[in-house]
Protein chains: 2
Amino acid sequence: MLKAERLQKIVEQIAKDNKVVLDDLSQLLNVSTDTVRRDIKELSDKGLLKAVRGGAIIGSPVHPHFKERQHIDTHHKKAIAQKVLEFIKPGQVILVGAGTTTTAAIYALPKDITLTVVTNSFPIVSILEDYPNVDVFFIGGQLNKHGFSTGGYETIEAIRNFRADICLFGICSIDLKLGITGADHEESLLDRAMIETSKYIIALSTYDKIGVSDPYYVCAANAIDALITEKDPSTADLDGFKHAGILIK
Amino acid sequence: MLKAERLQKIVEQIAKDNKVVLDDLSQLLNVSTDTVRRDIKELSDKGLLKAVRGGAIIGSPVHPHFKERQHIDTHHKKAIAQKVLEFIKPGQVILVGAGTTTTAAIYALPKDITLTVVTNSFPIVSILEDYPNVDVFFIGGQLNKHGFSTGGYETIEAIRNFRADICLFGICSIDLKLGITGADHEESLLDRAMIETSKYIIALSTYDKIGVSDPYYVCAANAIDALITEKDPSTADLDGFKHAGILIK
DNA sequence: ATGTATATTGCATAATATTGCAATATGAAA
DNA sequence: TTTCATATTGCAATATTATGCAATATACAT
């Protein structure tokens, strides 16, 4: 039986009974419980069900599309997420922008962490549902085109009411001279608002976004305190940023 | 039985009877009272109920995020949703409270309707993603325990910035003399804010919520303009409301 | 006060999860 | 085709969690 078939059957079962049991599936699908467990984890990552000890149960009534966790498993993003953890201390208030990179970082947080997360991203909210010690504050506003976050005037105004310890945001492009820039005007404004009201700014970026630029200006490169990429921080290419006083991780 | 199932069943019981008894659960779930006690403690830590000697009682209204519960009254809710449609006109701004009844009503909207929906409910946002002509405005704030809506000071403040044509909200209890009341203090405040800033108030209620009351006052019965239930509006029991100037559907 | 029911705690046992690893299968590029 | 990289799967060792039991403490009713 193909793996895809198995996953499908598991989803069907869930739809029918609201739950599946590990051992039952193992028998039904003729694979080891290990495999079933991995299947369930995969489906759980996609938000199609909720993995629990001994099996899985139906997830929340929120549309799976909302969870958009498909893209978070890339190698790069996991590496970045791991580095983010070094900066976050329990009890802090952390302002998190929308985007796949930040979502991946949040996804990598240990389940028992104590935090206050302020965000305008629906997928991030959805992830944090299972974190008992994380207070979530959602920033309202106009739903943006993709439906994964809010934006617009009210969102920016709401952000201005916070003074976060840390701001975590993914960047489109960063260049030492041209600063941080984005491809979307509205998002650039949001990012700027977030940066302006936070004490410590962490920018997340994959390596290919460094040294390039986009049309909309967000802030100067040295407005950020730390830059996290998936590469080794000792790479010579990043020396310029180090000299500008930015911590590279 | 999975532990997660047990926890769900306990929450369901609470939602139904407002209380659970240790020994009953022990029998029903086929586990020792120790285990039930631990389950209750866990749920109590999450704020889903209040543990008391010998069992547990309702903490605040339970969000029916378990499928079983959602299927209760589906029929009624569909009937209600159909009636709601008569009130909504294309192009209006409509403020929608969180809850299964309102969610059902939104779910019944025709896909091509042109509207602006303002809501603090994640499931409603998720439904409206597929509506190309619906502008969605999400009201931010503190995420509530169950993660399906926001609440608190900021949410109320944000609501005050709107002047909706229609306010749609589900009610816990309505009584001609005692007015509209709710089981959760915070939610009552939210409802009141919504009512105060809207031009036309539609209350949704299943028939069993009429003539009863809960601890927290929301508004006088005649503060609403229309009351929609699943029953025939000519039922004599509702005459009192009609005389108070409330349109019954 | 006294007895009974309920709670708490520590512990032993069993069930389940995680991790690393090796064998095999799959797929894409040379 | 051949070769190499990657994904999949099962297995074993280890860690974690869940559960019932017993001993002890606490609350409640009369």
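Throughout, a chain's letter reflects where its sequence line sits, starting with A, and its residues are numbered from 1. Worth knowing before you read on, the calculation uses all heavy atoms, side chains too, and leaves out hydrogens, waters and symmetry mates.
One interatomic measurement links the two molecules: CG of A:Leu25 to C1' of C:dA17, which rounds to 16 Å at whole-angstrom precision. Here D:dA18 presents its P atom at 13 Å from CG of B:Leu43, a figure rounded to the nearest Å. Straight-line distance from the CD1 atom of B:Ile40 to the P atom of C:dT8: 11 Å, rounded to whole Å. The separation between A:Arg37 atom CZ and D:dT8 atom P is 18 Å, rounded to whole Å. The CE-C1' distance, from B:Met1 to D:dA18, rounds to 15 Å in whole Å. Whole-Å rounding puts the B:Lys3 NZ to C:dA17 C1' distance at 14 Å. Rounded to whole Å, atom P of D:dT17 lies 10 Å from atom CG of A:Asp112. Rounded to an integer number of Å, the gap from B:Arg6 CZ to D:dT17 C1' is 12 Å.
Defined by atom type and a distance below 3.5 Å, a donor-acceptor pair is missing between the side-chain atoms of B:Asn120 and B:Ser149. Between B:Asp175 and B:Ser213, the side chains place no donor N or O within less than 3.5 Å of an acceptor N or O (distance only, hydrogens not considered). Side-chain contact of A:Thr103 with A:Thr100: a donor-acceptor pair under 3.5 Å is absent, judged by distance alone.
Here B:Val36 lies out of heavy-atom contact (under 4.0 Å) with every strand. Using a 4.0 Å heavy-atom criterion, one finds that B:Val52 contacts the sugar-phosphate atoms exclusively.
Scanning atom types as modelled, one donor and one acceptor separated by under 3.5 angstrom connect the side chain of B:Arg53 and the base of C:dA5.
Among D:dT9, C:dT19, C:dA17, the nucleotide with an atom closest to any side-chain atom of A:Asp34 is C:dT19. Of the candidates C:dA17, D:dT19, C:dT18, C:dA17 carries the atom nearest the A:Leu22 side chain, counting heavy atoms from C-beta on. For A:Ser32, the side-chain atoms get nearest to D:dG10 when compared with the rest of C:dT6, D:dC21, D:dG10.
Evaluated for a side chain to side chain contact (heavy atoms under 4.5 Å, CB included) with B:Gln13, the options B:Val11, B:Ile10, B:Asp17 yield exactly one hit, B:Asp17.
Residue A:Arg38 places none of its side-chain N or O atoms closer than 4.0 Å to OP1 or OP2 of C:dA17.
Ring geometry for A:Phe122 against B:Phe138 counts as perpendicular: the plane angle is over 60°, on a 0 to 90° scale with 30° as the lower cut.
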